[in-house]
Student: 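First the structure, then my questions, so here it is.
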Amino acid sequence: MALVLYNTLTRRKEPFSPLNPPYVGMYVCGPTVYGDPHLGHARAAVVFDVLYRYLTFQGYKVRYVRNITDVGHLEGDADEGEDKILKKARLEKIEPIEVAQRYTALYHKAMDALNVRRPSIEPTATGHIPQQIAMVQRILERGYAYVVNGSVYLDVELYRQDFPYGVLSGRQVEELIAGSRELEGQAEKRHPWDFALWKRAEPTHLMQWDSPWGRGYPGWHIECSAMSTHYLGVPFDIHGGGLDLIFPHHEAEIAQAHACYGEAAHHQARFWIHNNLVTIDGQKMSKSLGNFITIEEVFSGNHPKLSRGYPPMALRFLILQAHYRSTLDFSEEALRAAYRAYLRLMNAYRRLLQVRPHSYATYSIGAWKEKVFAALDDDLNTAAALALFFEQTDDILRLYRNEIYLSPEDLDSLKRIWQEVLFDILGLTPIHQVEWERWERVVNLLIHLRRQARSERNFALADFLRDELQRLGVRLLDFPEETLWELAE
RNA sequence: GGCGACGUGGCCGAGCGGUUAGGCACGGGUCUGCAAAACCCUUUACGGGAGUUCGAAUCUCCCCGUCGCCUCCA
């Protein structure tokens, strides 16, 4: 059993092994904090959270770095757009740092709700300006960049004389030339496909720093290179992010690493891993299409596409039910189905904890257990792993009702795997144990009353109790000798 | 135009040459005071065409369609 991951760099699944066991360095591009976190942020964060958790579960000492981009991320065309954070600050007439901190807080709140573990280190771009300047300077010294009017650009033409450019995205510079647009204000670049490492700031620019080239601010790509290498070295084990970052962002990062550290950089990271996107009605979510759904809107139901709100675990479950490299088409129907499926597993888990061991067994779970971990090992196939748990739900009810038996060892093992895989690795959250017990007592009391009413043929009262419990999300399961219950939507 | 991905049953979604994926929804039956749950049964698949093979959703080719990236994006 060994974890195999799909590496965008080689376009193959490769067995994972760290460069310096037992340590694993993992860097994932975090959000640009200028707007509400949306379904795309949720997916990326959950996918890499599962990878982080699984590596940790396997005993690796993982240093997980996920940055906050709070400067330098431009919108619009070609190094000439307005900084996203600044634009927001200008529109709302507040300081850029207020924008960054507000949306960082909202991001954290959403991630906490989704039970996404915080990374080991969460560096901000503005907090690492010296490291970025140093990296730009070194690239200049090595001759792969040039200074124009206080801005610094990576010279792709020179770079590609020594290193291939476009290996990650499969792009050829010639094609880029053919497809590149003539854009305003690009005159100072030697070639249109050169990209900015450092940008000169006008005196009125709200975020600017001193540099050897005058007042300015960093380019988007250099931030990630500087922060990842600062905390993880070069090369490190895993670099992650959304599919849409492959070009130009990650391609530029690789170029910067080589330009700065030479061949030894080895594409900056051993594994480049990319999650696919969330679509709505088959199209990518984007602000311009207006089909944008924020995480908070899913929770509150305050969106035209939703008739009601759904708990965070419904969304997490939906994400886990698809393989991370497939597109995930979002709809309320799919979300509701995921929520019901999640409840079914949680009900089964609770019942599993109540199963009593027996001295003999009618079946064993060894093969099943292997399949679960084989699924996770196979490029993190969470969808297949979850499907295996549904195989167990029916058996758990039979176990509970003493229709089939497991050995005490297998029963312990089964409980442990449910705990480890569903909660520790996939990061689902169970209903808290204390809450369960409180519910248990109250509901059992009502069940007792209802059974009494039924025995007296007082069906009006019995049905009233059943219906009111249903309204509270408690579904009763009548068996001849007893009544069980479980949570329902 | 270049690069890439994908098209699976009502919906979502695994699948990487031979086994029922799974979830949600639907129909019939058993059970039930009536239901629900459970159990049993049934139905709805692999975009189209050709090829390779004893055997293809799975490999090859062609066609059709959808989507992503090509300096805003998770």
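What you see is a predicted model; the values in this text were computed from it and never measured. These numbers come from the heavy atoms of this one structure, side chains and all, not from hydrogens, waters or symmetry mates. Order of the sequence lines sets the chain letters (A, B, ...), proteins ahead of strands, with each chain counted from 1.
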Student: Which nucleotide in the set B:A21, B:C16, B:A74 lies at the smallest distance from any side-chain heavy atom of A:Lys13?
Tutor: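 Closest nucleotide to the A:Lys13 side chain: B:C16.
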Student: On a whole-Å scale, what distance lies between the C1' atoms belonging to B:C62 and B:G28?
Tutor: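 Between the two C1' atoms, the distance is 45 Å.
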Student: Give one of base, sugar-phosphate or nothing for A:Val47, where a contact means two heavy atoms less than 4.0 Å apart.
Tutor: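 Nothing: the residue A:Val47, judged by heavy atoms under 4.0 Å, touches no strand.
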Student: Would you say A:Arg356 has more than 12 foreign heavy atoms packed within less than 6.0 Å of its CZ?
Tutor: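 No, CZ of A:Arg356 has 12 or fewer neighbouring heavy atoms, counting only those of other groups under 6.0 Å.
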Student: Take atom C1' in B:G9 and the same atom in B:C67, then report the distance between them in whole Å.
Tutor: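 Looking at atom C1' only, B:G9 and B:C67 are 22 Å apart.
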Student: Roughly, in whole Å, what's the span from CG in A:Asp329 to C1' in B:G13?
Tutor: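 In whole Å, B:G13 C1' and A:Asp329 CG are 11 Å from each other.
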Student: Give the C-alpha distance, both sets of side-chain angles, the deciding distance and a yes or no for side-chain hydrogen bond (donor to acceptor under 3.5 Å, both in side chains) between A:Tyr64 and A:Asp49.
Tutor: CA-CA 9 Å; A:Tyr64 176 22; A:Asp49 183 50; over 6 Å; no
Student: Out of B:C70, B:G23, B:G13, which nucleotide sits closest to the side chain of A:Arg344?
Tutor: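 Of B:C70, B:G23, B:G13, B:G23 is nearest to the side chain of A:Arg344.
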Student: When the C1' atoms of B:C26 and B:C12 are considered, how many whole Å apart are they?
Tutor: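 Nearest-Å result for B:C26 against B:C12 at atom C1': 16 Å.
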Student: What pairs of nitrogen or oxygen atoms, one from the protein and one from nucleotides 31-34 of chain B, lie under 3.5 Å apart?
Tutor:
residue : atom : partner  : partner atom : Å
B:G33   : O6   : A:Arg454 : NE           : 3.3
B:G33   : N1   : A:Asp463 : OD1          : 3.0
B:G33   : N2   : A:Asp463 : OD2          : 2.8
B:C34   : O2   : A:Arg466 : NH2          : 3.0
B:C34   : N3   : A:Arg466 : NH1          : 2.8
B:C34   : N3   : A:Arg466 : NH2          : 3.3
B:C34   : N4   : A:Arg466 : NH1          : 3.3

Student: Just how far is it from atom CD1 of A:Ile222 to atom CE of A:Met227, taken to the nearest 0.5 Å?
Tutor: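 Those atoms lie 10.5 Å apart.
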Student: Give A:Leu328 one of three labels, base, sugar-phosphate or nothing, depending on what nucleic acid heavy atoms sit under 4.0 Å from its own.
Tutor: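 Answer is sugar-phosphate: A:Leu328 comes under 4.0 Å of backbone atoms only.
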Student: How many whole angstroms separate atom CD1 of A:Ile68 from atom C1' of B:A74?
Tutor: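 Spelled out: CD1 on A:Ile68 to C1' on B:A74 is 13 Å.
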Student: Tell me what A:Thr279 touches on the nucleic acid: a base, only sugar-phosphate, or nothing, going by heavy atoms under 4.0 Å.
Tutor: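 Here A:Thr279 touches no strand at all.
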Student: When we call it a touch if two heavy atoms are under 4.0 Å apart, what does A:Ala387 touch: a base, just sugar-phosphate, or nothing?
Tutor: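 Base, at least one base atom sits under 4.0 Å.
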Student: What's the closest nucleotide to the A:Arg475 side chain, out of B:C69, B:G13, B:A36?
Tutor: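 Taking heavy atoms from C-beta onward, the closest nucleotide is B:A36.
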Student: In whole Å, measure the gap between the C1' atoms of B:A25 and B:U44 for me.
Tutor: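 Per the computed distance, 12 Å lies between those C1' atoms.
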Student: May I have the step-by-step check of side-chain hydrogen bond (donor to acceptor under 3.5 Å, both in side chains) for A:Thr327 and A:Asp329, ending in yes or no?
Tutor: CA-CA 6 Å; A:Thr327 51; A:Asp329 199 46; over 6 Å; no
Student: OH of A:Tyr339 versus P of B:G13: gap in Å, rounded?
Tutor: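 A:Tyr339 atom OH is separated from B:G13 atom P by 21 Å.
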Student: According to a strict under-4.0 Å criterion, is A:Asn381 in side-chain N/O contact with OP1 or OP2 of B:G15?
Tutor: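 So the side-chain polar atoms of A:Asn381 do come within 4.0 Å of the phosphate oxygens OP1 or OP2 of B:G15, strictly under.
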Student: Looking across every strand, which nucleic acid part, if any, lies under 4.0 Å from A:Leu386 by heavy atom: base, sugar-phosphate, or nothing?
Tutor: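 Counting heavy atoms under 4.0 Å across all strands, no contact is made by A:Leu386.
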Student: Rounding to the closest angstrom, what is the interatomic distance between B:C40 and B:U20 at atom P?
Tutor: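 Rounded to whole Å, the distance is 16 Å.
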Student: Can you list everything that forms a side chain to side chain donor-acceptor pair (under 3.5 Å) with A:Thr382? Sequence neighbours excluded, please.
Tutor: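 Side chain to side chain donor-acceptor pair (under 3.5 Å) check on A:Thr382 returns nothing, list empty.
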Student: Taking only the side-chain heavy atoms of A:Glu333 (C-beta and beyond), determine which of B:A74, B:G10, B:G15 contains the nearest atom.
Tutor: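 Nucleotide nearest to A:Glu333's side chain: B:G10.
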Student: If each of A:Cys29 and A:His323 is mapped to the nucleotide of RNA chain B with the nearest heavy atom, which maps nearer the 5' terminus, i.e. the 5' end?
Tutor: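 On the 5' side of the pair lies A:His323.
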Student: Please report the distance separating the P of B:G27 from the corresponding atom of B:A37, rounded so that it comes out in whole Å.
Tutor: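 B:G27 and B:A37 have their P atoms separated by 12 Å.
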Student: Given the P atoms of B:C31 and B:G22, what is the spacing between them in whole Å?
Tutor: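 Those two atoms are separated by 27 Å.
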Student: Picking from A:Asn402, A:Leu414, A:Leu399, what satisfies side chain to side chain contact (heavy atoms under 4.5 Å, CB included) with A:Val355?
Tutor: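 It is A:Leu399, the one option of A:Asn402, A:Leu414, A:Leu399 that forms the side chain to side chain contact (heavy atoms under 4.5 Å, CB included) with A:Val355.
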Student: Could you state the CH2-P distance from A:Trp272 to B:A74, rounded to the nearest angstrom?
Tutor: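 From A:Trp272 CH2 to B:A74 P: 15 Å.
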Student: Roughly how far, to the nearest 0.5 Å, is the CD atom of A:Gln452 from the CG atom of A:Leu465?
Tutor: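 So the CG of A:Leu465 and the CD of A:Gln452 are separated by 11.0 Å.
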Student: Got a sec, which pairs hit salt bridge (charged side-chain N to carboxylate O under 4.0 Å, His left out) with one end in residues 243-258 of chain A, sequence neighbours left out?
Tutor: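 Qualifying pairs: A:Asp244-A:Lys284.
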Student: Testing A:Phe292, A:Tyr103, A:Tyr107 for ring-ring contact (aromatic ring centres under 6.0 Å, His included) with A:His38, which one passes?
Tutor: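 Filter result, single survivor: A:Phe292.
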Student: From the list B:G22, B:A74, B:A36, which nucleotide is the closest neighbour of the side chain of A:Gln321?
Tutor: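 Nearest nucleotide to the side chain: B:G22.
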Student: Reckon A:Ser326 has a side-chain N or O less than 4.0 Å from the OP1 or OP2 of B:A14?
Tutor: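 Yes, within the criterion.
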Student: Determine whether the aromatic ring centres of A:His250 and A:Trp272 lie less than 6.0 Å apart.
Tutor: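 Yes: the rings meet the under 6.0 Å criterion.
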Student: With sugar-phosphate meaning primed atoms plus P, OP1 and OP2, does A:Gly242 contact a base, only sugar-phosphate, or nothing at under 4.0 Å between heavy atoms?
Tutor: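 Sugar-phosphate contact only - A:Gly242 comes under 4.0 Å of backbone atoms but never of a base.
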Student: Can you tell which of B:C12, B:C70, B:C24 lies closest to the side chain of A:Ala337?
Tutor: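 It is B:C24.
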Student: Could you tell me whether A:Arg43 contacts a base, only the sugar-phosphate backbone, or nothing, with contacts defined as non-hydrogen atoms closer than 4.0 Å?
Tutor: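 Nothing, no heavy atom under 4.0 Å.
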Student: For A:Phe464, look at atom CZ and say whether over 12 heavy atoms of other residues, nucleotides or ligands are found less than 6.0 Å away.
Tutor: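 It does not: A:Phe464 CZ has 12 such atoms or fewer within range.
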Student: By the 4.0 Å heavy-atom rule, please label A:Ile246 as base, sugar-phosphate, or nothing.
Tutor: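 No contact.
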Student: On a whole-Å scale, what distance lies between the C1' atoms belonging to B:A35 and B:U42?
Tutor: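 Here B:A35 and B:U42 have their C1' atoms 23 Å from each other.
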Student: Checking A:Glu122 now: which residues fulfil side chain to side chain donor-acceptor pair (under 3.5 Å) with it, not counting sequence neighbours?
Tutor: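 A:Glu122 satisfies side chain to side chain donor-acceptor pair (under 3.5 Å) with A:Arg66, A:His108 only.
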Student: Roughly how many Å is it from CG in A:Asp377 to P in B:C16, rounded to a whole number?
Tutor: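 A:Asp377 atom CG is separated from B:C16 atom P by 16 Å.
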Student: For A:Asp244 and B:A5, what is the distance between atoms CG and P respectively, to the nearest whole Å?
Tutor: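 Computing the A:Asp244:CG to B:A5:P distance gives 17 Å.
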Student: From the options B:C39, B:A74, B:G23, select the nucleotide whose nearest atom is closest to the side chain of A:Phe390.
Tutor: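 Nearest nucleotide to the side chain: B:G23.
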Student: Of the candidate nucleotides B:A14, B:A74, B:G22, which contains the atom at the shortest distance from the side chain of A:Leu277?
Tutor: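 The answer is B:A74.
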Student: Could you give all pairs that pass the ring pair (Phe, Tyr, Trp, His ring centres under 6.0 Å) test and reach residues 380-402 of chain A, with sequence neighbours left out?
Tutor: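 As it turns out, the ring pair (Phe, Tyr, Trp, His ring centres under 6.0 Å) pairs with a partner in residues 380-402 of chain A, which skip direct neighbours, are A:Trp368-A:Phe389, A:Phe389-A:Trp418.
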Student: If you compare every side-chain N and O of A:Arg398 against the phosphate oxygens of B:C39 (OP1, OP2), does one of them come in below 4.0 Å?
Tutor: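 Affirmative; the distance criterion is met.
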Student: So what's the dot-bracket for RNA chain B: Watson-Crick or G-U pairs under 3.5 Å, [ ] if a pair crosses, | if it pairs off-strand?
Tutor: ((((((((.[[[..)..(...]]]..((((.......)))).....[[[[[..)....]]]]])))))))....
Student: What integer distance in Å separates A:His249:NE2 from B:A74:P?
Tutor: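 Roughly 9 Å, once rounded to whole Å.
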Student: Starting from C1' on B:A38, measure out to CG on A:Asp395 and report it in whole angstrom.
Tutor: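 In whole Å, B:A38 C1' and A:Asp395 CG are 13 Å from each other.
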